[in-house]
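Encoded as structure tokens, the structure appears first; notes follow it.
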Amino acid sequence: MKKVIERHPFEVKIKTFLSLKNKKETIMEQEKLKDLLKQMTLEEKIGQMTQLTPTFFSESGEITGPMLELGLSLEQLNSIGTVLGTHTKEEVINIQKNYLEQSRLKIPLIFMADVIHGYETIFPIPLALASSFNPKLVKRMAHLSAKEAAAAGIHVTFSPMADLVRDARWGRVLESNGEDPHLNTIMTKAYVEGYQGDGLTNKQNIAACVKHFVGYGESQGGKDYNTVDMSDVVLFQDHLPSFKAAIDAGAKLVMSSFNLFRGVPVTASHYLLTEVLRDHLAFDGVVISDWAAVSELVQHRVADSKASASKKAFEAGVEIDMMTDFYLNSLPDLVKSGEVSEQMIDETVMRILELKNELGLFEDPYRGLNDNFTIEEDLRLESRKIATESMVLLKNNDQVLPLKPTEKIGLAGSKATSRDTLGAWSWIGEIDASIAIAEAFAETEMIVDLAEQIVDFDRFQLVDKVVIAVGETGTEAGEAASKTNIKLTPQDIETVKQIYQWNKNIVLVVYSGRPLDLTDIEPYVKAILYAWFPGSEAGRAIVDVLTGKTNPSAKLPISLPRSVGQMPLHYNHYSTGRPFNEENPTIRYMSRYLDVMEGPLYPFGHGLNYSEIELIEANIVDKQNKFIVHYTLSNKSDVDGQEVVQFYIRDCVSEVVRPVRELKHFEKVSVKANGFYQGSFEITIDNLAYVHSDLKRFTDPGKFELYLGFDSNAPKLGEWEYQG
Ligand code: NOJ
């Protein structure tokens, strides 16, 4: 096969240290930072490479319980480099002030936090945001939450999570962009652009730390912190592109992941953290470990002491040790005995100082806190708008939705009055400040009859339609929230079945941090609105969509299964030697399960709206080394709507086995009521390239099948041949 685009994974890019515009200024700053470095003792340098929580910093300047537990001295505390997880602006000011008074060189602390989908105002969970298929929306969410976090003294967020996730059992699917590498890449980039905005000199922007590098999404059995074992081809093809996008967009930090790769914990993987991250992806920012991961090298039994774990992690490429004393209490001796190079320590500390400098902390350690910035946007309103675009209308038989203002509505279900709508990683957002569905209905003119007890359900024979809100609680998805059962609770299922006896016009609203198995109740309901965890304005956003105030436009970023036994389930699985034959599903010797229908209940990319948008025309125009797809949509309804046009390919013959379908392009477009929309996009041979067995990424000459439509079952549009 002829190689056309050839890019070896280990091709080294030219490194650009410091992204300051003016070169002279860069050199001067570098000189100042170098001078500072020269003044630092070895212990002070290693202090910069440790991160602790606020509980370590007492106002009295005395040794506290947490310090005793970790065996830290006051000198060590006064040389710490970064803090994780402050709660208020006042807390940041106090810690910074006391620290600057006590520490010898007065190098300001950086404050980092998990600002994942909002700070105080909570937006939809990342999986919901990915459902919008709208990167501009994600960018806006990141921009707004950066502003709110920056006003509370946060400088760095541990977001975006760029892990590709295909297993609904894994609680952290909630933090992901779902199962598709292309969607994941586009969304990851949008987060970084949103957080970092026009640069860190703007004090309302914060730095992004992309995580978890890399492979964590493939935890075996969907069990958190579990083993990962994947091929390099899968790593390069599916897992690295989102990280590459974040790095190319300028993400300042990378967090290493808890999992193994090639049998080695990533925290100790020189291959991943140096050869792949630094040399291949040309990352020149700061690498931080995940929480206590350096000490976990001992639990993994690849190290037997603080010293051996620290040496492995540091030499692999971990620069900041999050929440252990391993670096603090062992690196100084390792350097003194010549086992670890001080020059490497210096390079690391320089990078941390550069980040502090870029954040403007040397000029203003209270970055943004003295400026009394106002946030012009109404964050609650923004959260509501973003939430309406992030919930997926999976089913709408007989056009039971939207609800009409004149209709009498019944409301029931475990979540009808629940304010538990924020989802994991909303540690500053208050549950009590969020809006339940019942509360939002009460703000409308509609007649809504709320029935909370099964004995009251007979009342529903008197209403036109019944909205039943069910789903997970906020603590059921997120970190350390893996599950083997992804069905609704028996109570939720019973509620639906009981109400069905009285009224068949059931609209199901589902709160969840993962794709749930809805097969038990799907036949009983006419409509399903998959709301995920929509955030602070959940109830209002849900009512906006149910009543048609907002036309839904979201799509599934992850397949909705028929059974937990299908995990990992994703549309873009690899071709098999014995593919499932839809025309003859009774054939035994093919890749299938005996006890469940093949494929998902609802596929990746699926989502309905209240308009009638159709693809009425599409064609391909061949250009050299690329082609253009032209298409026309019509909207036959009286409602303005949005559709996500999705373009998939299948490589007809390839050197390594490829997915049966791959999303290569999507665009969300508006189509006016009774109107048309004409669009086009370009696909280049670079978009068609894939990672070969030698890990080189290029395009082979040959044919590709092309599909265009509104979900991952899009019909075939035609074929295109790359001549080479
Ligand atoms: C552990 C989690 O894995 C990571 O995502 C998070 O950023 C850190 N804890 C800090 O809270």
Side-chain angles (χ1 to χ4, degrees), residues 50-56 66 80-87 91 109-119 125-127 142 145-146 149 152 154-165 170-177 184 188 191-192 195 206-219 222-228 239 242-243 246 251-261 265-267 273 285-297 299-300 313 318-324 326 423-429 475 477-482 513:
T50 298
Q51 177 166 87
L52 298 175
T53 52
T55 46
F56 286 83
I80 293 299
T82 63
V83 177
L84 137 78
T86 45
H87 286 73
E91 192 181 16
L109 291 160
I110 297 186
F111 291 86
M112 309 195 187
D114 290 281
V115 183
I116 309 293
H117 51 116
Y119 185 68
I125 54 166
L127 195 56
S145 50
I154 304 298
H155 308 136
V156 172
T157 176
F158 295 130
S159 172
M161 183 175 108
D163 299 305
L164 187 72
V165 187
W170 197 44
R172 305 203 78 169
V173 65
L174 170 150
E175 297 169 61
S176 79
N177 294 308
N184 189 22
T188 300
Y191 276 97
V192 176
Y195 291 130
I206 59 178
C209 173
V210 59
K211 66 187 186 187
H212 308 85
F213 191 82
V214 58
Y216 190 19
E218 299 241 358
S219 287
K223 191 158 80 164
D224 211 356
Y225 318 123
N226 203 11
T227 300
V228 165
H239 291 266
S242 52
F243 287 93
K252 300 291 169 194
L253 296 96
V254 166
M255 186 188 292
S256 54
S257 53
F258 285 129
N259 54 279
L260 313 186
F261 189 83
V266 175
T267 314
L273 298 184
V286 175
V287 178
I288 185 166
S289 77
D290 203 341
W291 182 288
V294 177
S295 65
E296 286 169 16
L297 294 180
Q299 305 287 8
H300 279 296
V318 173
E319 300 185 306
I320 298 180
D321 172 9
M322 184 194 290
M323 277 305 288
T324 86
F326 274 43
W425 297 113
S426 44
W427 47 291
I428 297 286
T475 51
E479 188 180 345
S482 299

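Numbering of ligands and ligand atoms starts at 1, following listing order. Side chains are part of it too, since the values below use all heavy atoms of this structure and drop only hydrogens, waters and symmetry mates.
- Close N/O approach between Tyr216 and ligand 1 is not found [any backbone or side-chain N/O within under 3.5 Å].
- With hydrogens and angles left out, the side-chain atoms of Ser159 and Tyr195 include a donor and acceptor closer than 3.5 Å.
- Remark: the Glu218 side chain and the His239 side chain contain an N/O donor-acceptor pair separated by less than 3.5 Å.
- Remark: Leu84 engages Gln51, Thr53, Asp114, Phe158, Trp291, Met322, Met323 in a side chain to side chain contact (heavy atoms under 4.5 Å, CB included) (not counting sequence neighbours).
- Side chain of Asp163 to main chain of His212: a donor-acceptor pair is present (N/O by atom type, distance under 3.5 Å, no hydrogens or angles).
- Of the heavy atoms in Arg172, only side-chain atoms (C-beta onward) come closer than 4.0 Å to ligand 1.
- Ligand-side atoms of ligand 1 in range of Phe158: 7 (O), range being under 4.0 angstrom from any heavy atom.
- With Glu319 contributing its side chain and Val287 its backbone, the two residues share a donor-acceptor pair below 3.5 Å.
- Given atom 9 (N) of ligand 1, the protein heavy atom at minimum distance is Asp290 OD1, 3.4 Å.
- The shortest N or O to N or O distance between Lys211 and ligand 1 is under 3.5 Å.
- Side-chain atoms of Ser257 do not come within 3.5 Å of backbone N or O of Tyr216 as any donor-acceptor pair.
- Scanning for side-chain hydrogen bond (donor to acceptor under 3.5 Å, both in side chains) contacts around Glu479 gives Tyr225, with sequence neighbours left out.
- Counting heavy atoms under 4.0 Å from ligand 1, residue Met161 does not touch it at all.
- If you check which protein heavy atom lies closest to atom 7 (O) of ligand 1, you get Asp114 OD1, 2.6 Å.
- Using a 4.0 angstrom heavy-atom cutoff, Met255 counts as in contact with ligand 1.
- No N or O atom of Trp425 sits closer than 3.5 Å to an N or O atom of ligand 1.
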